Colleague: 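Can you keep this structure in mind? I'll have questions shortly.
Throughout, a chain's letter reflects where its sequence line sits, starting with A, and its residues are numbered from 1. Since the structure is predicted, the reported quantities are computational estimates derived from the model, not experimental observations.
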Amino acid sequence: MRKIWVIARKEWAEVFKNRFVLFTVVFMPLMMTALPLIILYTMGTPEEMAGFSAADMPASFADLCEGMSGETCGQYFIVSQFMLLFMLMPLAIPATFASYSIVGEKTTRTLEPVLATPVTTLELLAGKAVAAALPAIGATWLSFSIFSLGVAILTEGSELLRQVTSPLWLFAIVVVGPLLAVAAVSIAIMVSSRANDPRVAEQISMLVILPLLALFFAQISGLIFINEAMILWMAIGVTVLDIGLLAFATQLFQREAILTRWK
Amino acid sequence: MIVAKGLTKRFGDVLAVDGLDMEVKSGEIFGFLGPNGAGKTTTIRMLSALISPTSGKAKVAGYEVGREDNEIRRNAGILTESPGLYDRLSAERNLSFFAELHDVEDVAGQVERYLRLLGLWDRRADVAATFSKGMRQKLAIARAMLHEPKVLFLDEPTAGLDPEMARLVREFIGELKDKGRTIFLCTHNLDEADRLCDRIAVVNTRLLALDTPEALRAKLYDRVVVVHLSAVAPAYEKAVSKQPFVRSVETKDNKLVVGLDNPEKNNPELIRALVDAGADIQFVGELRRSLEEIYLRLVK
């Protein structure tokens, strides 16, 4: 366990000196937190929203508005479009981080001296995974906390805050988010074993966000709306996916393969 | 300290190392020479438990390769072909990371010790990217030494260094030997191997020769004495060739190049014979075959 931490600390010390990675870790959460808050701010005062009712919403969303005022339902409709972005962070940040951390080691040939130490392959892999996943999870949770605080301030602690911090979204952010981060790290490790350029690895690893983006656009276009069942199924699906991906990534991340086949 | 028996490594259809048998004694500098693609780096990787052999066995510091790999990693240090430093980290951070991975007890103290020993202490806070090639190599050597390994594998330690830096590195390797470390030195610099190594193995996938540089010279070449004369005459060559201990004689410019069994014993008689024949001797020296000549003869 100690060595996992030693590796993670080294990764952070090194990768955070890369401005591009730093930009991704800081800018993306900042943007994804600010955007829904700005929209919420510009939506108008409660008086201006007074004419809004659940009937104005798409039918599939109107069910989610049960018990809400029309004004809150309108706000929730707009804000919920962006809630998925908080799940995009644990996918995108580790993909960038792991790509630079693993392919970077390949290009600078720093892996061989590390593999010559009494560190196990699992410790090395875990150290890199922790280093990539923790900042993403931390950034997601922090952004979501700031967002919730912003909602509380802008709506003066209304029903909307209760919706945003409902068990559905808390589960999505606290549980599904880290599961997505593990998937992103595993994919980045697999891609890194074949790529020789961190930028190429990052671009390919970023494809991991496509299913979530599809979900995002499906919701924006009114095709679906995220509900409890969907989040639960997502959690189960990603857990199964994580187990498979982790097993495959660990298989690829073997000492001999790294030294002789990672070109 | 290192024993290999039938050590073989195959990558698919490619045979990289073929049945290597050798023994490296404790405290010696062991030269491992061979052309590119001869399997030197693969051998080092097998012996330092980085990759496993396809067949055969090896023991390093008493631990068996493939079965006690972590113990080997604890007892061996490796300087890889490329220094492989973290360019964005300081020299101190580069070393402390490896010291922690090696479970060094006093990380800060050990890092300071080697940074001072290799003259890098004043640059400890600078990132490795700003270091010259020589400084990078020194930092990589320090990294290999941090956990005080019994065996040190050095893969081309002076490659690409300027003569002054290369000399410093060679001196440091010499000091390590004085401290009782076993050093497995892989190099293309044959002069360096000749000066540093107690014994030398020449490989080209398989082992071609293994002995001390002097013994390899004796095995492959006669000992040759060069007699510089003020002038040559056919009588001199005749007088020399009559001697029973002379294996060969050749005249080159104003020199007689004479192959002998044992120069220490034969030289006085040889000189007497030449003086008796009227030769005017300027000086006598032994033609020492370079390790390069030995190496090329073995490899070809």
Side-chain angles (χ1 to χ4, degrees), chain A residues 1-23 25 97 99-128 130-131 196 198 253-263, chain B residues 9-12 14 16 41-42 44-54 66 68-90 92-104 107 127-129 136 139-140 143-144 146-147 149 153 155:
Chain A
M1 196 63 191
R2 192 187 62 79
K3 281 185 187 168
I4 294 173
W5 191 238
V6 168
I7 290 164
R9 277 194 293 122
K10 190 281 293 174
E11 294 296 321
W12 291 329
E14 204 199 7
V15 180
F16 279 131
K17 283 187 180 152
N18 182 320
R19 277 184 217 161
F20 186 75
V21 177
L22 197 62
F23 178 79
V25 176
F97 203 103
S99 300
Y100 277 84
S101 134
I102 296 166
V103 183
E105 294 242 32
K106 275 170 80 175
T107 52
T108 52
R109 298 185 178 192
T110 44
L111 265 179
E112 191 169 355
V114 174
L115 295 172
T117 66
V119 67
T120 64
T121 310
L122 198 65
E123 285 171 331
L124 182 59
L125 184 60
K128 286 191 174 291
V130 164
N196 284 324
F253 207 84
Q254 295 296 321
R255 277 184 145 79
E256 188 150 344
I258 292 164
L259 289 171
T260 57
R261 275 178 252 153
W262 280 28
K263 303 281 185 209
Chain B
K9 183 68 188 178
R10 199 177 264 284
F11 296 108
V14 180
T41 301
T42 302
I44 283 192
R45 283 176 171 176
M46 282 192 282
L47 293 175
S48 52
L50 281 167
I51 59 175
S52 52
T54 308
E68 296 164 299
D69 287 349
N70 255 4
E71 286 310 313
I72 291 175
R73 291 181 197 126
R74 280 182 219 288
N75 286 282
I78 181 168
L79 172 72
T80 48
E81 209 170 347
S82 151
L85 301 169
Y86 294 106
D87 280 347
R88 289 194 177 94
L89 300 185
S90 69
E92 199 168 18
R93 188 72 183 86
N94 260 285
L95 294 191
S96 65
F97 171 59
F98 282 90
E100 285 181 89
L101 289 184
H102 273 294
D103 300 312
V104 169
V107 171
V127 293
R136 293 171 71 81
L139 191 58
R143 182 185 61 199
L146 280 169
H147 56 298
F153 293 99
D155 198 354

Colleague: Evaluate the side-chain proximity of B/Lys9 to B/Ile51: yes if any heavy-atom separation is below 4.5 Å, no if none is.
Modeller: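 B/Ile51 vs B/Lys9: side chains touch.
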Colleague: Measure distances from B/Leu85 to the heavy atoms of chain A and classify the residue's part below 4.5 Å as side chain, backbone, both or neither.
Modeller: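 It is the backbone, since no side chain atom gets that close.
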Colleague: Answer yes when A/Lys10 and B/Glu100 have at least one side-chain N-carboxylate O distance shorter than 4.0 Å, and no when they do not.
Modeller: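 Salt bridge between A/Lys10 and B/Glu100, a charged N being under 4.0 Å from a carboxylate O: no.
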Colleague: Looking at B/Arg45 and A/Glu112, is any side-chain nitrogen of the basic one under 4.0 Å from a carboxylate oxygen of the acidic one?
Modeller: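 Yes.
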Colleague: Quick check for you: among B/Arg93, B/His102, B/Glu81, B/Arg74, which has the greatest number of heavy-atom pairs under 4.5 Å with chain A?
Modeller: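 The answer is B/His102.
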Colleague: Taking the side chain as every heavy atom from C-beta outward, state whether B/Leu139 and B/Leu95 have any pair of such atoms under 4.5 Å apart.
Modeller: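 When only atoms from C-beta onward are counted, B/Leu95 and B/Leu139 do touch, with a gap below 4.5 Å.
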Colleague: Name the member of B/Val127, B/Leu50, B/Leu89 that forms the most heavy-atom pairs with chain A at distances under 4.5 Å.
Modeller: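 Going by pairs under 4.5 Å, I would pick B/Leu50.
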Colleague: Are more than 12 heavy atoms from other residues, nucleotides or ligands located less than 6.0 Å from atom CZ of A/Arg2?
Modeller: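 Counting other residues, nucleotides and ligands, CZ of A/Arg2 exceeds 12 neighbours.
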Colleague: Would you mind checking which part of B/Ser52 comes under 4.5 Å of any heavy atom in chain A, side chain (CB onward), backbone (N, CA, C, O), both or neither?
Modeller: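 Both parts, backbone and side chain.
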Colleague: Check each atom of B/Asp103 against the heavy atoms of chain A and say whether the ones under 4.5 Å are side chain, backbone, both or neither.
Modeller: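 When you check distances to chain A, atoms from both the backbone and side chain of B/Asp103 fall under 4.5 Å.
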Colleague: Which region of A/Glu105, side chain (C-beta onward) or backbone (N, CA, C, O), has a non-hydrogen atom less than 4.5 Å from a non-hydrogen atom of chain B, or is it both or neither?
Modeller: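 A/Glu105 touches chain B through side-chain heavy atoms alone.
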Colleague: Tell me, side chain or backbone of A/Val114 under 4.5 Å from chain B's heavy atoms, or both, or neither?
Modeller: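 Answer is both: backbone and side chain atoms of A/Val114 are under 4.5 Å from chain B.
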Colleague: Of the backbone (N, CA, C, O) and the side chain (C-beta and beyond), which part of B/Phe11 lies under 4.5 Å from a heavy atom of chain A, both, or neither?
Modeller: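 Only the side chain of B/Phe11 comes within 4.5 Å of chain A.
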Colleague: Are any of the side-chain heavy atoms of B/Thr80 and B/Phe153 separated by less than 4.5 Å?
Modeller: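 Side chain of B/Thr80 against side chain of B/Phe153, heavy atoms only: no contact under 4.5 Å found.
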